[in-house]
Amino acid sequence: MTDTVETGEAGRGDGRSRGRGVLLFLRDIVVIFLIALLISFLVKTFLIRPFWIPSESMNQTLQVDDRIIVSLLSPTVIPVEHGDVVVFEDPGGWLPEPQQEPETGVVGAVDWFLTFVGLAPEDDHGYLIKRVIGLPGDTVECCNDFGQLLINGEPIDEPYLSLDQPGQPASSMAFEVTVPEGHLWMMGDNRNHSGDSRAHMDAPGGGFVPMQSVVGRAILISWPVDRWSWLDSYQQTFVGVESQGAATEVVLSRAVAH
């Protein structure tokens, strides 16, 4: 009887197959990861972006440390309307110079990466968030005998307002402005504690925010969980207001919060 001697060729073949299978698996994981990053980046660049609220200027609508989701479709695809809560870049001189140095090293790299792909909110201080009160061509003034703002002579009731005491006027300072073409008049819901358009009327821009500074419209409070809710534009507040200017410009824009 002849003894059988195993050559080991099949074993080596099985080992090579397993090794090739592991490499293919790792390749697929890397490809899926890169595709996921690309999709996340595209979503953050063209559709939605997270932001963080660092101050109380929009209380009670938005509170300190809220995280929000901003739709980037406004104003490029969807026109900005009265009552929209929008994020915009500092038009110039609205915000102090940042005092905190950006993170460096590994922490800084991780922060940059997460922000780049849209997995972390924009925490730098180059953005603000306010409510749109005046569109191009509108005349906005404060206030009538009942303490209401008037837009093109039409008084408005503002249910979103947070005032220090009931019965206070909608603005602690009187003003009357006409919004120039391509600009917006912005005001905070926490009306007596908001450095909004009124606070910059003597600045070169007259307190008006260029449409191209608008990043997008805030649509959702995403964090904390107990505050999860869609953000209301309160269109019923502005039903009787007839805009005096042309329709808001549709412009390419980029752009939380003060």
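Judged by distance alone, with hydrogens and angles left aside, the side-chain atoms of Gln168 form a donor-acceptor pair with the main-chain N or O of Gln165 at under 3.5 Å. Without hydrogens or angle criteria, Arg217 side chain to Val86 main chain gives no donor-acceptor distance under 3.5 Å. For the pair Asn192 (side chain) and Leu163 (backbone), a donor-acceptor distance under 3.5 Å is absent. A donor-acceptor contact shorter than 3.5 Å links the side chain of Ser229 to the backbone of Arg227. Side-chain N or O atoms of Ser57 include none that pairs as donor or acceptor with a backbone N or O of Gly188 at under 3.5 Å. Side chain of Glu81 to main chain of Ser233: no donor-acceptor pair is present (N/O by atom type, distance under 3.5 Å, no hydrogens or angles).
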After noting the C-alpha distance and the side-chain angles of His82 and Ile151, does the key distance pass the side-chain contact (heavy atoms from CB on, under 4.5 Å) rule?
CA-CA 10 Å; His82 291 112; Ile151 303 178; 4.3 Å; yes
Check against side-chain contact (heavy atoms from CB on, under 4.5 Å), Glu154 and Gln148
CA-CA 9 Å; Glu154 190 72 28; Gln148 298 168 298; over 6 Å; no
Stepwise side-chain contact (heavy atoms from CB on, under 4.5 Å) test for Leu95 and Leu128:
CA-CA 9 Å; Leu95 295 170; Leu128 302 99; 3.8 Å; yes
With side-chain contact (heavy atoms from CB on, under 4.5 Å) as the test, would you mind laying out the steps for His193 and Asp164 before giving the verdict?
CA-CA 9 Å; His193 303 277; Asp164 294 337; 2.9 Å; yes
When you look at Trp52 and Asp65, which way does the side-chain hydrogen bond (donor to acceptor under 3.5 Å, both in side chains) test go after all the steps?
CA-CA 6 Å; Trp52 166 66; Asp65 288 335; 3.0 Å; yes
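Taken to the nearest 0.5 Å, the NE2 atom of His183 stands 10.5 Å off from the OG atom of Ser197. Here the CG atom belonging to Asn59 is positioned 10.5 Å from the OG atom belonging to Ser194, to the nearest 0.5 angstrom.
Annotation for Leu149 and Met187: closest pair CD1-SD, 3.8 Å, computed over non-hydrogen atoms. Considering all non-hydrogen atoms of both residues, Gly206 and Trp185 come closest at O-CZ3, 3.9 Å. When all heavy atoms of Asn144 and Leu150 are compared, the closest pair comes out as N-CD1, 3.5 Å. Listed here is the closest heavy atom pair of Gly216 and Val70: C-CG1, 3.5 Å. When all heavy atoms of Tyr127 and Val87 are compared, the pair lying nearest together is CB-CG1, 4.2 Å. Across every non-hydrogen atom of Phe175 and Ser171, the tightest pair is CE2-OG, 3.8 Å.
Here the options are Leu135, Asp138, Asp84, the test is side chain to side chain contact (heavy atoms under 4.5 Å, CB included), and the partner is Leu184; only Leu135 passes.
With a 4.5 Å cut-off on side-chain heavy atoms, Val140 and Glu176 do not count as touching. Considering only heavy atoms from C-beta on, Phe208 stays 4.5 Å or farther from Met186 through its side chain.
Hydrophobic clustering (side-chain heavy atoms under 4.5 Å, transitive across Ile, Leu, Val, Met, Phe, Trp, Tyr) groups Tyr234 together with Ile156.
Donor-acceptor pairing under 3.5 Å is lacking for the side chains of Arg191 and Ser172. There is no side-chain donor-acceptor pair under 3.5 Å between Asp189 and Gln60.
Other residues, nucleotides and ligands contribute more than 12 heavy atoms inside 6.0 Å of the CG atom of Asp226. The number of heavy atoms from other shown groups lying within 6.0 Å of CG (Asp202) does not exceed 12.
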